[in-house]
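Data first, discussion second: the structure below is written as structure tokens.
Residue numbers start from 1 in every chain, and the chains themselves are labelled A, B, ... in the order their sequence lines are given, proteins ahead of strands. None of these values were measured; they are calculated from a predicted model.
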Amino acid sequence: MIARKLLGDGGVLLLVALLVLAAVLVPLANLSLPPDSPLHVSNTSVQLFGKYLAFAMLALSVDLVWGYCGILSLGHGAFFALGGYAMGMYLMRQIGDRGVYANPDLPDFMVFLNWQELPWYWYGFDMFWFAMLMAMVVPGLLAFVFGWFAFRSRVTGVYLSIITQAMTFALLLAFFRNDMGFGGNNGLTDFKDILGYNIQANTTRAALFAATALTLAGALLVCRFITRSKLGKVLVAIRDAESRTRFIGYRVEHYKLFVWTLSAVMAGIAGALYVPQVGIINPSEFAPANSIEAVIWVAVGGRGTLVGPVIGAFLVNWGKTTFTSVLPDFWLFALGGLFVAVTLFLPKGIVGLIAKLTRRRAEKPSPPVDTEAGVGTAADARAAAE
Amino acid sequence: MFTFRKALTTLLVMLALVAAPAMAQTPTDTLRPLVDALGQGGFDGAEKAIAALAATGDPAVLPIFEALTAGDLNVRKADKRVVLVREEGGADVAVDPLTGAVLGPVGRRDTDRLRVNNRLRSAIAAAVAGLSLRASDPQVRITSAESMFKAADPAMVPALAAAAADEENAAVRARLEQALAASVLRSDASDDEKIAAIGVVAARGDRDALSLLNNIASGTPGPVQQAAADAAAGIESSLAVWGAAQNVWYGVSLGSVLLLAAIGLAITFGVMGVINMAHGEMVMIGAYTTFVVQEIIRTSFPGLFDWSLAIALPLAFCVSGLVGIAIERSVIRWLYGRPLETLLATWGISLILQQAVRTAFGPSNREVGNPSWMSGSFEIGQLSITYGRLWIVVFSLCVFAALMLLMRYTPFGLQMRAVTQNRRMASVMGIRTPWVDAMTFGLGSGIAGIAGVALSQIDNVSPNLGQSYIIDSFMVVVFGGVGNLWGTLVGALTLGVVNKFLEPYAGAVLGKILVLVFIILFIQKRPRGLFALKGRAVEA
């Protein structure tokens with residue numbers, strides 16, 4: 001019972017608390033403890049887990065539409081990458097005249113392409129607030145327009161999945177073009193500063209980690225608020241019986257459009273947090289494979305729960321990091337197997353599995369010690385995060 | 001002058017290689033006085049001698065012209081004989097330019113070098129051209145006439161006129177007249193002659209003629225310039241028509257590739273409603289089967305190489321089909337009615353298959369050869385059609401027709417349609433629906449496999465082969481309408497042609513983006529595609 005509660009609504013609050021704690025403790029452990037201390041968190045770990053947190057937020061945004069509204073998006077990577085590009089443009093403008101060509105106005109790749117002046121869509125990105133606004137507005141706007149067309153004409157299910165995939169594929173092709181003005185093949189990289197702080201410095205990285213953890217915590221609270229509200233109930237109703245919900249009198253497309261746009265904005269924020277931590281954004285982020293991978297994080301963790309995507313993103317990415325360093329050839333087998341296994345055997349993901357196990361045990365007269373073990377898996381994942 | 005000399009040397013070498021064996025041999029004795037005449041009478045005498053040598057039509061004179069242009073010919077002062085001087089063993093020796101026999105050592109002061117001025121160079125060029133224009137092989141004559149058309153050298157007018165007058169082969173004569181006309185346009189002939197020449201050039205109607213006419217049209221205003229401008233405009237409009245025809249052909253060719261890749265998907269997705277993201281990998285497996293078949297043929301039965309594709313087709317169908325059946329039996333059958341889960345699971349399978357192929361065959365591209373009947377091309381007007389593309393178009397239409405017949409006239413096709421339309425009723429009627437499911441999936445996969453055999457001829461065979469087709473294939477099926485093979489045909493050809501027509505204006509990448517955006521908008525308008533199924537089958 002406790003475990004089920006923890007994985008459900010109570011778990012969200014616990015996860016938020018853990019994230020806030022991590023936002024404080026991890027930077028402290030990284031910066032103030034000496035490297036030989038057992039509690040010291042290495043710089044690479046801070047960077048790595050900061051990246052996982054951004055992925056977790058992307059997974060959360062996918063879960064919001066897939067798990068709660070039944071819209072399987074195979075193009076959320078596009079929103080993520082657009083947010084990332086907005087942040088990348090800000091970071092490019094911060095380089096100023098420290099680039100290879102020392103041009104105070106133009107990023108290196110534009111000088112290289114012999115451009116004379118900054119394209120209009122790059123204006124304003126030297127201001128942090130504007131770039132952050134764009135990181136939310138651009139994915140949100142794209143999602144709004146796309147969703148407005150799609151939901152109004154009742155494109156659903158697999159068709160919607162395929163056209164979201166086509167959308168991210170089209171953007172992939174577009175961003176590969178040099179004359180788009182986003183650095184083409186190489187994307188945006190060689191960042192120097194963020195808000196005046198050196199992006200390579202340990203303090204900046206720790207701060208970015210904390211910022212990502214806190215944003216994820218905030219996003220979890222927003223999602224918790226939405227899914228617990230009446231709106232959230234309607235979303236679940238749409239997921240389970242769209243026609244019936246429409247016949248009852250709800251404007252299904254409005255609800256869908258709202259949650260779809262919100263989810264895209266969240267993915268955009270996740271992308272904006274991701275880019276300064278990895279130091280590069282290029283068109284490969286738009287690859288359809290990336291978006292599908294985000295879906296599998298949600299499926300592994302457990303869709304339709306808010307804790308699940310976070311756990312799934314951590315576990316799968318942790319597995320990816322481990323496998324690609326130890327057995328690089330094996331990773332795609334493992335990932336592919338994961339897709340098959342999760343859909344066949346774990347339709348509700350790890351969270352669902354734990355819930356099922358604890359329920360089975362709860363039916364038997366068994367001591368509550370076992371339920372503790374159930375939480376263990378999820379807690380372990382979080383421990384890995386820290 | 002350097003390029004001129006280079007061009008001349010090339011021509012000489014070409015002639016020496018191609019024309020020499022076919023030409024009649026004049027005895028050296030009759031040539032020798034002509035060769036020796038090169039050294040007499042100064043430049044005028046040399047020019048006459050060149051003309052006389054050219055008139056023999058003997059390929060043996062070519063090396064002499066070559067040596068003369070290179071400045072290797074000398075007159076031996078002692079007997080006024082023309083000799084070739086070259087270095088041998090540290091000393092200069094005289095060599096007979098006709099036979100190559102060493103005549104003995106010569107000192108620097110024993111000989112006078114034969115000098116060549118620009119007039120002589122033109123004479124030599126004309127002589128060489130005249131020789132090549134009279135080569136016995138018509139193909140050589142055509143080639144040299146073509147190169148002279150492009151060069152459009154006024155100095156060639158007499159040689160070309162003479163050659164054209166003597167030519168008996170009509171095709172060659174037409175080329176010669178065109179080359180002559182081109183040369184006349186550059187010469188200082190009268191306006192009337194030039195306007196007549198413009199008519200001849202314009203009749204050619206290709207890009208070379210257009211660039212020549214444009215060149216003339218941009219010259220000093222006058223009747224000739226006007227006529228050239230008019231003719232150029234005429235060629236441009238006819239080229240635009242041919243260009244459109246070329247685009248249609250490229251579009252049909254691309255469309256047939258899309259059709260091949262999508263038609264298997266039209267069965268699994270369209271007929272069965274199963275999203276198979278591993279479909280592209282079935283294509284890839286077919287391509288790798290072709291590779292393996294060719295490898296075996298290369299090492300064991302080299303004589304069968306032209307049959308390799310015919311052998312690979314059934315094998316690829318079986319291999320991909322069996323893999324498909326295995327996937328259906330092990331994974332997909334548990335997921336019927338859950339399309340989104342099917343999508344994810346098959347995506348996982350596609351990752352596994354890709355990595356398996358990468359592990360087995362390596363990540364790099366594999367070489368798949370074209371049988372002789374697939375290579376080469378032919379021309380219709382200004383349209384160039386490669387045999388490989390033509391066969392793929394024919395092949396894809398055959399596959400389509402075979403599939404239609406199978407669906408319509410065989411018991412299996414009947415059962416398949418019955419299961420699609422009403423699974424439970426079909427089951428009640430005694431059709432083994434699980435068996436039909438497996439066979440249908442196997443059929444779709446097997447067709448993807450034979451698509452792989454065809455695609456191995458025009459694309460790189462790598463583990464990522466399937467990935468590049470999967471999105472396009474889905475677009476075709478979704479655009480054409482699910483559950484309808486005609487829709488797939490129309491969808492594939494439309495998308496192919498639209499893509500190729502957008503390319504010249506928007507570029508390849510932007511054209512593709514526009515097509516994707518167009519499909520996204522199209523689905524909004526007609527969510528079930530061009531040829532939507534109507535009636536109760538839709539709801540089932």
Side-chain angles (χ1 to χ4, degrees), chain A residues 66 70-72 74-75 146 148-180 287-289 292-293 295-296 298-300 303 328-345 347, chain B residues 269 273-275 277-278 281 327 330-332 334-335 338-356 358-359 363 463 467 470-475 477-479 482 507-529:
Chain A
W66 186 35
I71 307 168
L72 174 55
L74 299 183
F146 186 90
W148 192 75
F149 278 116
F151 300 137
R152 203 180 50 124
S153 50
R154 300 187 190 172
V155 179
T156 51
V158 178
Y159 285 90
L160 189 82
S161 303
I162 289 173
I163 61 168
T164 53
Q165 190 174 31
M167 174 191 77
T168 190
F169 188 61
L171 282 169
L172 168 79
L173 294 177
F175 273 76
F176 263 123
R177 291 168 60 90
N178 273 331
D179 51 5
M180 278 283 284
I292 297 196
E293 229 179 289
V295 171
I296 203 66
V298 179
V300 167
R303 66 187 175 112
D329 283 349
F330 194 68
W331 168 240
L332 277 184
F333 285 126
L335 185 65
L338 203 58
F339 273 98
V340 177
V342 166
T343 44
L344 282 184
F345 306 116
Chain B
F269 178 44
V274 169
I275 307 291
M277 296 299 267
E281 277 57 45
I327 292 172
S330 59
V331 176
I332 291 172
W334 308 107
L335 297 171
R338 288 157 64 195
L340 298 183
E341 274 87 348
T342 316
L343 192 156
L344 293 178
T346 49
W347 177 268
I349 292 170
S350 85
L351 292 182
I352 294 174
L353 288 175
Q354 270 177 48
Q355 187 59 40
R358 201 173 284 133
T359 311
Q467 289 257 296
I470 186 72
I471 290 184
D472 284 339
S473 311
F474 268 113
M475 290 300 123
V477 175
V478 166
F479 177 68
V482 170
V509 176
L510 200 58
K512 193 153 188 171
I513 296 170
L514 285 176
V515 168
L516 284 177
V517 171
F518 163 72
I519 293 174
I520 291 174
L521 289 176
F522 179 84
I523 292 180
Q524 321 282 353
K525 200 76 201 155
R526 298 193 64 165
R528 294 197 178 266

Okay, side chain of Ser161(A), backbone of Leu72(A): is any donor-acceptor separation there less than 3.5 Å?
yes
Between Trp331(A) and chain B, with a heavy-atom cut-off of 4.5 Å, which part of the residue counts as in contact: side chain, backbone, both or neither?
neither
What part of Ile349(B) is in contact with chain A, defined as an atom under 4.5 angstrom from a non-hydrogen atom: side chain, backbone, both or neither?
both
Name the option with the most non-hydrogen atom pairs under 4.5 Å to chain B; the candidates are Ile163(A), Leu335(A), Leu74(A).
Ile163(A)
Between chain A and each of Gly348(B), Pro339(B), Ala356(B), Ser330(B), count heavy-atom pairs under 4.5 Å; write down the option with the most.
Gly348(B)
Is chain A contacted by the side chain of Ile352(B), its backbone, both, or neither, given a heavy-atom distance below 4.5 Å?
both
Backbone of Gln165(A) reached by a side-chain donor or acceptor of Thr168(A) within 3.5 Å
no
Given a strict heavy-atom distance threshold of 4.5 Å, which part of Leu340(B) is in contact with chain A: side chain, backbone, both, or neither?
both
At a heavy-atom distance under 4.5 Å, which candidate from Gly336(A), Gly337(A), Ala341(A), Ala166(A) has the highest pair count against chain B?
Gly336(A)
Does the plane of the ring in Phe269(B) sit parallel, tilted or perpendicular to the ring in Phe474(B)? Use 30° and 60° as the thresholds.
perpendicular
Heavy-atom distance under 4.5 Å between the side chains of Thr343(A) and Trp334(B), does that happen here?
no
Non-hydrogen atoms of chain A under 4.5 Å away: do they reach the side chain of Ile471(B), the backbone, both or neither?
side chain
For Val515(B), all residues meeting side-chain contact (heavy atoms from CB on, under 4.5 Å), sequence neighbours excluded
Leu495(B), Val498(B), Asn499(B), Leu502(B), Ile519(B)
Can you name the residues that form a salt bridge (Lys or Arg N to Asp or Glu O under 4.0 Å) with Asp329(A), not counting sequence neighbours?
none
Looking only at Val295(A), Thr156(A), Val342(A), Ile292(A), most heavy-atom pairs under 4.5 Å shared with chain B are made by Ile292(A)
To the nearest 0.5 Å, tell me how far Ile332(B) CD1 sits from Ile275(B) CD1.
10.5 Å
Between Ala334(A), Ala289(A), Ala299(A), the one whose heavy-atom pairs under 4.5 Å with chain B are most numerous
Ala289(A)
Assess whether atom CZ of Phe333(A) is packed by more than 12 heavy atoms of other residues, nucleotides or ligands within 6.0 Å.
yes
When the 4.5 angstrom heavy-atom criterion is applied to Ser350(B) and chain A, the contacting part is neither
